[in-house]
Novice: 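Quick one: the structure is below, questions incoming.
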Amino acid sequence: MSTSTQHQFRYTQTPSKVLHLRNLPWECTDDELVELCRPFGKIVNTKCNVGANRNQAFVEFADLNQAISMVSYYASSSEPAQVRGKTVYIQYSNRHEIVNNKSPGDVPGNVLLVTIEGVEAGDVSIDVIHLVFSAFGFVHKIATFEKTAGFQVGEFVNRTSFDVSLPVLTLCFCLQALIQYTDADTAAAARNALDGRSIPRYLLPEHVGACHLRISYSAHRDLNIKFQSNRSRDYTNPMLPVNHTAIDGALQPVVGPDGKKIEPESNVLLASIENMQYAVTVDVLHTVFSAFGTVQKIAIFEKNGQTQALIQYPDVTTAATAKEALEGHCIYDGGYCKLHLTYSRHTDLNVKAFSDKSRDYTVPQVPAVPWQNPQAGPMYPGTAPALQGQVLGGQMLSWDPAQQTATPSYVSAPGTYPSHTYAAPPTPAYPTAAASSPIAQSNPLVHNASSMGITQPGIPLNVNLQPGGASPSVPASSPLMQASPIAGASPPAHQPYFS
DNA sequence: AGCACA
């Protein structure tokens, strides 16, 4: 007996609810497999286009007996199994379940996970979503929630109930919606028609740009909607209580008895930056906001074409102090980069620890350069122009990084970062220079911070100032030079802080 | 025409 004969039995010994099909036509579809196998039982999974020739497949039945009935049928049938007229050979697989590499979002179901990119909750109403998705069949339920791009891939599958506020940072805003249809076919029709398309502009507020739909399948079968609200609907249950608070809360700000907007206090400030003629980096914000206490986290993002930032303090009191002191003031003289501060609804930001647009000062920073004090959490190795360029986002193009190393370190303040105690003001070397700097004199923030009676020694803006208030490496023609204290001085000015 | 995926 040859070994090949033995091999012939290797794969046919043990019945399995998974069948192996071979000699299929090239790139046979799931539908064709299902059509062939469905008469024998319920198919729970398929995997087609297997093998180098993509002409093999697996079909998994719900029950072993169903697989046996199919194998038995074709074993004794005069008509072989066929797909597109081609004879298909069917055997028990040597495995007992199909594991396919479909990502969860590719597994069809009756609930769609829709990501609407570039918008947040207020931009696309649930009624618009309902309208768009009703074109394909009855929409049973909708649940929407904001999501952070890059924060977590996929949905929160362990969430069983919606309309509970989930403090997720929407650094890069997008809106997600779970759309529940009657069946997977309807969901698939909607997905096929809408995936990659955009919601028509006339259904959206004017300020909303293109918002593409990215659609996958949810693992949910039946959404648990607690209220009819601005973020969730159950169209199968009109008796469901209406959550007016949630509806009102999102559409308009909470208004107090005097008609003024009531804004719950928070330890996180939302800063909108008007008239942003100059770059406002994470470092600039850190400098400005550290005057009032420890800054834990910062995130910068764009919203409707305006730069905004979230600044997280450890407590509400500190945030309130900073808000009071900085509201309406400009980072740069001349009305540039005017700050408008409100309380964020976030309480704990989830941001990348060290990126172009965000910083988490509560986690250890990038590895220390040997000559630097590791306690200082050095983030700007002064000898690494590449990193500098990255950090500065290429916005200081006129600045020659080579000057960086040539710039003397004005202060050495190891330990002041990240604890932000500023207990030993690193300024004494140049107190006069700082005080006499035209920047210090003309910068509202500096005046404001001083006049606020903030008692922390060493207001960062002063710390940052250099003799002359400007880097000689910036060409005189640079607009950054004209009125911008931090921008003009900033490239080397970072150094005193962190090196 | 004879068993994938990590």
Side-chain angles (χ1 to χ4, degrees), chain A residues 1-113 115 149-158 184-185 187-188 191-192 195-196 214-221:
Chain A
M1 185 180 277
S2 71
T3 52
S4 64
T5 310
Q6 289 173 334
H7 284 172
Q8 281 188 342
F9 293 96
R10 172 176 299 174
Y11 301 115
T12 55
Q13 301 272 327
T14 317
S16 164
K17 58 185 172 27
V18 179
L19 299 184
H20 176 240
L21 293 80
R22 62 185 196 272
N23 201 37
L24 289 159
W26 185 71
E27 291 199 346
C28 168
T29 65
D30 279 309
D31 288 341
E32 288 171 308
L33 290 180
V34 169
E35 189 185 345
L36 176 69
C37 303
R38 191 165 47 195
F40 301 93
K42 187 184 178 191
I43 296 149
V44 297
N45 206 349
T46 59
K47 186 179 180 71
C48 54
N49 302 326
V50 170
N53 296 328
R54 299 172 66 80
N55 61 355
Q56 300 174 46
F58 298 95
V59 172
E60 180 177 341
F61 282 99
D63 189 84
L64 178 63
N65 289 327
Q66 298 166 349
I68 292 173
S69 73
M70 183 166 184
V71 171
S72 306
Y73 176 83
Y74 284 111
S76 59
S77 168
S78 54
E79 291 291 313
Q82 288 188 333
V83 172
R84 294 184 219 167
K86 240 187 138 196
T87 297
V88 176
Y89 299 89
I90 302 169
Q91 290 171 294
Y92 300 113
S93 171
N94 55 9
R95 304 200 196 178
H96 288 85
E97 65 177 341
I98 292 177
V99 285
N100 45 22
N101 52 3
K102 284 177 182 171
S103 66
D106 293 332
V107 180
N110 64 318
V111 178
L112 294 178
L113 172 63
T115 302
F151 170 67
Q152 185 175 350
V153 181
E155 60 175 310
F156 302 95
V157 284
N158 56 349
D185 287 344
R191 185 180 118 119
N192 292 338
D195 192 19
R214 223 181 55 235
I215 305 178
S216 59
Y217 293 104
S218 166
H220 289 287
R221 294 284 92 99

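All heavy atoms count here, side chains included; hydrogens, waters and symmetry mates do not. Just so we're on the same page: letters track the sequence lines, and every chain starts at 1.
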Novice: Apply salt bridge (Lys or Arg N to Asp or Glu O under 4.0 Å) to A/E27 and list each qualifying residue two or more places apart in sequence or on a separate chain.
Specialist: A/R54

Novice: I'd like to check the side chain to side chain donor-acceptor pair (under 3.5 Å) partners of A/R214; sequence neighbours left out, ordered by chain and number.
Specialist: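 With sequence neighbours excluded, A/R214 shows a side chain to side chain donor-acceptor pair (under 3.5 Å) to A/E117, given in chain and number order.
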
Novice: Can you run down the salt bridge (Lys or Arg N to Asp or Glu O under 4.0 Å) pairs that involve residues 63-74 of chain A, sequence neighbours left out, and say none if there aren't any?
Specialist: none

Novice: Who pairs with A/K47 by salt bridge (Lys or Arg N to Asp or Glu O under 4.0 Å), at least two apart in sequence or on another chain?
Specialist: none

Novice: With sequence neighbours excluded, give me every side chain to side chain donor-acceptor pair (under 3.5 Å) pair touching residues 35-44 of chain A.
Specialist: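 Pairs touching residues 35-44 of chain A that pass the test: none.
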
Novice: Mind checking what makes ring-ring contact (aromatic ring centres under 6.0 Å, His included) contact with A/Y74, not counting sequence neighbours?
Specialist: A/F40

Novice: Scan residues 48-64 of chain A against DNA chain B and write down, sorted by residue number, each residue with any heavy atom closer than 4.0 Å; if none is found, say none.
Specialist: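 Result for residues 48-64 of chain A: A/V50, A/Q56, A/F58, sorted by number.
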
Novice: Give me the residues of residues 28-47 of chain A where at least one heavy atom lies under 4.0 Å from an atom of DNA chain B, by number, or none.
Specialist: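 Contacting residues: A/K47.
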
Novice: Can you check the A/N100 CG to B/dA6 P distance for me, whole Å?
Specialist: 12 Å

Novice: In chain order, what residues pass the side chain to side chain donor-acceptor pair (under 3.5 Å) check against A/N23, with sequence neighbours excluded?
Specialist: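 Residues passing side chain to side chain donor-acceptor pair (under 3.5 Å) with A/N23: A/K86.
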
Novice: Check side chain to side chain donor-acceptor pair (under 3.5 Å) between A/E32 and all other residues, then give those that pass, not counting sequence neighbours.
Specialist: A/T29, A/R84

Novice: Return the set of residues passing side chain to side chain donor-acceptor pair (under 3.5 Å) with A/D31 (not counting sequence neighbours), or none when no residue passes.
Specialist: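 Once residues adjacent in sequence are excluded, A/D31 has no partner under the side chain to side chain donor-acceptor pair (under 3.5 Å) criterion.
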
Novice: Any residue in residues 69-84 of chain A with a heavy atom nearer than 4.0 angstrom to DNA chain B? Just list them by number, or reply none.
Specialist: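 Those residues whose heavy atoms fall under 4.0 Å from DNA chain B, taken from residues 69-84 of chain A, amount to none.
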
Novice: Stacking here means centres under 5.5 Å and planes under 30°; does A/Y89 stack on B/dA1?
Specialist: yes

